[in-house]
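This report concerns only the one structure given below.
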Amino acid sequence: MKTTLLSKENNVVKFTMDFTAEEFDAAVVKAYQASKNQFVIDGFRKGKAPRSIIEKHYGEGIFFEDAINNLFQEAYPAAISELDLEVIESPAADFSEIGHGKPLTVTITVAVFPVIEVKDYKGVEIEQVEAVVNAEDIESEIKMLQNRNARVVVAEREVKDGDTVVLDYAGFVGEEQFAGGTAENQELVIGSGTFIPGFEEQLVGAKAGDNVDVKVTFPEEYHAEDLAGKDAVFHCTVHEVKEKQLPELDDEFAKDVSEYDTLDELKKSIEDRLVKYAEEQSLNEAKNDAVEAVYNANEVECPRNLVEDEIDSMVQDLDRQLRYQGLGLQQYLEFMQKDMAAFRDEVREDATKRVATRIILLSIADAEKIDVTAEEMDEEIKNMAEMYKVPEDQVRSMIGEANMTYFAKDLKVRKAIDLIFDNAKVTMVKEKTAAEPVAEEAADAE
């Protein structure tokens, strides 16, 4: 098969796929072999009739459609890969005269991912916040480690904020006990905000063995409609009061919780990690601001199907996140009191901006002739394997051979972002300048 690009204008591409007479006849034979068992011809056992007999009985072109479909399914993906096209809709196809012993030409017309002329993508002015890590940040990390390695021990005293209480409770609205409001030997961290607002505070001051009536009002938007907005009382029995016993911050602590021998070494490693993270955050935010500036300087007409595809992707991402949390998409929509159509409308503006930004970045990559080498793709796969701690072959399998073209385009996008940032006028600041009010807001203020 030979592929020939005919034209590429206004984001519509026309090209031909040319098959020799031998290639077409081979496809007809393949179609005959695949479907011959479907034909019953007098004088022949089922599936044993020669192709010439079936064609004489049903017409010369009986296998042409299947042959063309088979050729198309194999040749079309190869053609768009060869021409490096990112198609965004189903193609329209025109065929030359079809017959035995004749070559076949298929002319394809298809819309492709838009390429536009991007203006003002070099020299954008942005501010980058300096990456700063102070002593308080390091101490906060140490405190988190200390809390994470604390022991919880029984405290023979009254409950105070931060304690863990072991209790039984039974909830009533009026004289009626309600479903789901009862538990035994339940552990509750006071101040965690786990229970209904006002519940935990009323246990402060209680001791093991005390009975406490906790009076609360359920929120108006509580998930159980029969309890929403209602006053309730929980009859509680406190069994145990527990407190955290923090380890001493010394060299032994450092050895227990890390690979370091001293507390100073542990603090230095935390400082290095926080500095690296702060620098990455600062750089990423600055790059995002640079891309945002280019986006604001350009108007992009986004094909509707690309926006709908992006919304589909956003829905799938949300569904995955919810499933990870043990929820379902339908449950989420019901809780938010909206249907799928309303949700899609809600995210449409964001999806349109994402599509427009990708069009801009890939158009810059095209204008600057940015390319991605096989070595760069291999290096990215290696980095991903190290990040997720899996073999490189597993990463390749996760991406899939069919998606490698899109994977390469994602790397092109990243290179285009770097190009914008490398050519930006960056001012380092301690904090970003507040945005100027728009004219109407300024007038209102006066």
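Just so we're clear, the structure is a prediction, and the values are computed from it rather than from any experiment. Hydrogens, waters and symmetry mates are skipped; everything else that's a heavy atom, side chains included, is used.
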*Indicate yes or no: does D410 engage R358 in a salt bridge with an N to O separation below 4.0 Å.*
yes
*Any side-chain heavy-atom pair from L71 and V106 closer than 4.5 angstrom?*
no
_Atom CD of E221: over 12 foreign heavy atoms under 6.0 Å_ = no
*Please tell me if the side chains of I88 and N11 come closer than 4.5 Å, counting only heavy atoms from C-beta onward.*
no
*Within-4.5 Å side-chain heavy-atom neighbours: P303 and D309*: no
*Rounded to the nearest 0.5 Å, what separation is found between the CD atom of E334 and the OH atom of Y332?*
13.0 Å
*Electrostatic pair D264:K267 at N-O distance under 4.0 angstrom*: no
*How many angstroms lie between CG in L104 and CD in E23, if you round to the nearest 0.5 Å?*
9.5 Å
*Can you tell me if E200 uses its side chain to pair, donor with acceptor, with the backbone of F195 under 3.5 Å?*
yes
*side-chain hydrogen bond (donor to acceptor under 3.5 Å, both in side chains), paired with H235, selected from D213, D168, T182*: D213
*Looking at side-chain heavy atoms only, is the closest gap between I142 and L266 below 4.5 Å?*
yes
*Would you call E74-K30 a salt bridge at under 4.0 Å N-O?*
yes
*Does the distance from a Lys or Arg side-chain N to an Asp or Glu carboxylate O, for E292 and K353, drop under 4.0 Å?*
yes
*For the pair R320 and D317, find out whether any cationic side-chain nitrogen is under 4.0 Å from an anionic carboxylate oxygen.*
yes
_Going by side chain to side chain contact (heavy atoms under 4.5 Å, CB included), K415 matches just one of I364, L361, D371, I370. Which one?_
I370
*Answer yes when K14 and E9 have at least one side-chain N-carboxylate O distance shorter than 4.0 Å, and no when they do not.*
no
*Is the number of heavy atoms from other residues, nucleotides or ligands under 6.0 Å of R323 CZ greater than 12?*
no
*Evaluation steps, side-chain hydrogen bond (donor to acceptor under 3.5 Å, both in side chains), between Y121 and E368*: CA-CA 11 Å; Y121 62 87; E368 295 285 342; 2.6 Å; yes
*Do any N or O atoms from the side chain of T352 and from the backbone of R348 form a donor-acceptor pair under 3.5 angstrom?*
yes
*asked:* Would you say that F407 contacts V372 through its side chain, given a criterion of any heavy-atom pair below 4.5 Å between the two side chains?
replied: no
*For D251 and T262, test the side chains for any donor-to-acceptor distance below 3.5 angstrom and give the result as yes or no.*
no
*Please identify each residue that fulfils ring-ring contact (aromatic ring centres under 6.0 Å, His included) with Y222, with sequence neighbours left out.*
F218
*Could you tell me whether E271 and K268 make a salt bridge, using a distance below 4.0 angstrom between a side-chain N and a carboxylate O?*
no
*Should we say atom CZ of F95 is surrounded by more than 12 heavy atoms from elsewhere, each under 6.0 Å from it?*
yes
_Spatial distance of atom OG1 (T4) from atom CD1 (I108) [nearest 0.5 Å]_ = 12.5 Å
*Near E184 CD, under 6.0 Å, is it more than 12 heavy atoms from other residues, nucleotides or ligands?*
no
*Heavy-atom count around N10 CG within 6.0 Å, excluding the residue itself: above 12?*
no
*In terms of heavy-atom contacts, does CD of E65 have more than 12 from other residues, nucleotides or ligands at under 6.0 Å?*
no
_Test ring pair (Phe, Tyr, Trp, His ring centres under 6.0 Å) applied to F234 and F178, step by step_ = CA-CA 10 Å; F234 286 84; F178 55 86; 5.7 Å; yes
*For atom NZ of K338, is the number of surrounding heavy atoms from other residues, nucleotides or ligands below 6.0 Å larger than 12?*
yes
